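Below is one structure, written out as structure tokens, with a few remarks after it.
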Amino acid sequence: MDLRTKYLGLELKSPLVPSAAAPLTRDLDRVRALEDAGAAAIVMFSLFEEQITNEEAELDYFLTRSTHSYGEAITYFPDLEEYNLGPFEYLEHLAKTKEAVDIPVIGSLNGISLGGWTEYAVSMEQAGADAIEINLYFIPADPDISSQEVEANYIEVLQDVRKRVKIPIAMKLNPYFSSLFDMAKKMEAAGANGLVMFNRFYQPDIDLENLEVKPSLQLSSPYESRLPLRWAAILYGRLGLDLAITTGIHDGESAIKALMVGADVTMLCSELLRKGTGRLGEIEQEMRHWMEEHEYDSVDMMKGSMSQKSCPEPAAFERANYMKTIQSYDRYPTV
Ligand SMILES: Cc1cc2nc3c(=O)[nH]c(=O)nc-3n(C[C@H](O)[C@H](O)[C@H](O)COP(=O)(O)O)c2cc1C
């Protein structure tokens with residue numbers, strides 16, 4: 001059975017790729033274990049813009065003893081280094097990860113503003129990254145920022161990184177654009193090679209006892225895969241961009257669905273955090289089993305077969321599906 005696939009110009013032995021997250025890739029033994037369990041590539045956890053700019057501000061502070069915003073910045077920004085390493089250690093870790101495994105290693109840069117931090121894309125390339133994933137996590141909470149400005153910012157950061165590095169770039173997108181297709185086209189024109197769908201926004205919770213807003217990370221549920229599945233189905237075959245699905249891929253069947261709607265790779269995080277590294281091998285077995293039962297010899301045979309372009313009911317991915325779905329529910333509790 002041929003599970004090979006191509007993503008960002010990289011020849012991968014299968015479509016199963018652990019997604020960016022420090023608990024998965026901060027430890028080299030775990031990275032090796034992921035490779036042994038069948039990981040086709042590794043996406044490193046992110047290096048955050050704030051880590052880079054804080055480190056620079058810290059240096060500046062000690063060099064000049066000026067009082068500008070450094071003090072404010074350190075009290076506000078959580079100490080990520082304990083969790084995530086500082087910028088220099090990150091690059092060292094990336095280089096060690098490359099040495100530790102034979103599979104491709106993708107660096108991850110996470111930020112939002114235009115600025116010197118994007119230079120770290122070059123450092124990642126020099127440290128041996130086979131590709132870069134850019135995650136632009138931005139909440140446009142300022143009423144004076146227009147949607148055009150938000151979108152232009154995404155493109156400018158991408159263009160900035162594109163002109164600095166030669167390796168392929170994937171954009172980890174959020175699903176909340178008015179026209180995701182248009183954004184995808186613009187990203188392709190700005191030099192992206194792939195899209196990672198989707199960035200999962202973590203919603204803060206309210207602590208009613210202490211009247212505080214508190215961060216709270218919930219791992220994904222399988223249902224959440226439906227959103228990236230829909231969008232991969234719509235985009236497949238219409239752009240020159242590779243597609244990765246992240247969010248809600250928890251078993252062999254959801255990975256197969258991802259390929260059928262047109263993903264080149266499926267990324268996994270929550271399921272591995274819940275069940276451990278070995279789960280990756282089980283998921284590969286589940287995929288093989290399903291393919292054997294349904295007489296598919298290769299990932300290529302499946303890829304895009306249920307995309308909007310190829311499936312028997314293209315309208316199922318659009319508004320018609322919404323009307324059909326609400327009609328399909330006709331229950332009410334008998335109390
Ligand atoms: C603990 C944790 C850490 C994460 N760290 C990152 C990160 O550093 N960069 C990033 O782009 N995504 C990060 N993510 C998001 C994952 O890469 C992934 O996109 C998301 O969890 C959805 O996939 P899943 O449903 O398989 O969990 C993190 C997720 C978790 C749960």
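This one's a predicted model, so the numbers in the text were calculated from it and none came from an experiment. When reading the values below, keep in mind they use all heavy atoms of this one structure, side chains included, and skip hydrogens, waters and symmetry mates. First listed ligand is number 1; within each ligand, the first listed atom is number 1.
With a 4.0 Å heavy-atom cut-off, ligand 1 is reached by no atom of Val43. Contacts of Leu268 with ligand 1, taken as heavy-atom pairs under 4.0 Å, involve the backbone alone. When heavy-atom distances to ligand 1 are checked against a 4.0 Å cut-off, Leu217 comes that close only through its side chain, counted from C-beta outward. Only the side chain of Leu219 comes within 4.0 Å of ligand 1, judged by heavy-atom distances. Neither the backbone nor the side chain of Tyr137 has any atom closer than 4.0 Å to an atom of ligand 1 (non-hydrogen atoms only).
A salt bridge does not link Asp36 with Arg32: every distance from a Lys NZ or Arg NE/NH1/NH2 to an Asp or Glu carboxylate oxygen is 4.0 Å or more. Salt bridge Asp300/Arg4: absent, no basic N to carboxylate O contact under 4.0 Å. By the 4.0 Å N-to-carboxylate-O rule, Asp264 lies close enough to Lys303 to be salt-bridged with it. The pair Glu284-Arg288 meets the salt-bridge criterion, with a side-chain N (NZ, NE, NH1 or NH2) lying under 4.0 Å from an Asp/Glu carboxylate O. In this structure, Glu282 does not pair ionically with Lys275, as no charged nitrogen and carboxylate oxygen lie closer than 4.0 Å. Ion pair Glu286/Arg279 flagged as a salt bridge, since at least one NZ, NE, NH1 or NH2 atom sits closer than 4.0 Å to an Asp/Glu carboxylate oxygen.
Between Tyr296 and Trp290, the ring center distance clears the sub-6.0 Å criterion.
Numbered from 1 in the order shown, with element, the atoms of ligand 1 that lie under 4.0 Å from a heavy atom of Tyr202 read 14 (N), 15 (C), 21 (O), 28 (C), 29 (C), 30 (C). Of all atoms in ligand 1, listed by their number and element, those nearer than 4.0 Å to a heavy atom of Ser19 are 16 (C), 17 (O), 18 (C), 19 (O). Listed by atom number, the atoms of ligand 1 under 4.0 Å from Ser220 heavy atoms are 24 (P), 25 (O), 27 (O). The Thr246 neighbourhood of ligand 1 comprises atoms 18 (C), 19 (O), 20 (C), 22 (C), 23 (O), with distances under 4.0 Å to a heavy atom of that residue. Near Gly248, the atoms of ligand 1 lying under 4.0 angstrom from a non-hydrogen atom of the residue are 24 (P), 25 (O). Each of the atoms 10 (C), 11 (O) of ligand 1 lies under 4.0 Å from some heavy atom of Asn135.
By heavy-atom distance, the residue among Ala20, Ser46, Ala22 lying nearest atom 6 (C) of ligand 1 is Ala20.
Heavy-atom distances between Lys172 and ligand 1 reach below 4.0 Å in at least one pair.
Checked against a 3.5 angstrom limit, the closest N/O atoms of Cys269 and ligand 1 fall inside it. For a threshold of 3.5 Å applied to N or O pairs, the pair formed by Ser270 and ligand 1 contains at least one separation below that value.
Between Tyr137 and Phe201, the angle of the ring planes lies from 30° to 60°, which puts this pair in the tilted group.
Scanning both residues, Arg26 and Phe45, for their nearest heavy atoms gives CA-CE2, 3.5 Å.
Looking only at distances, no side-chain donor or acceptor of Asn193 sits under 3.5 Å from a matching main-chain atom of Leu8.
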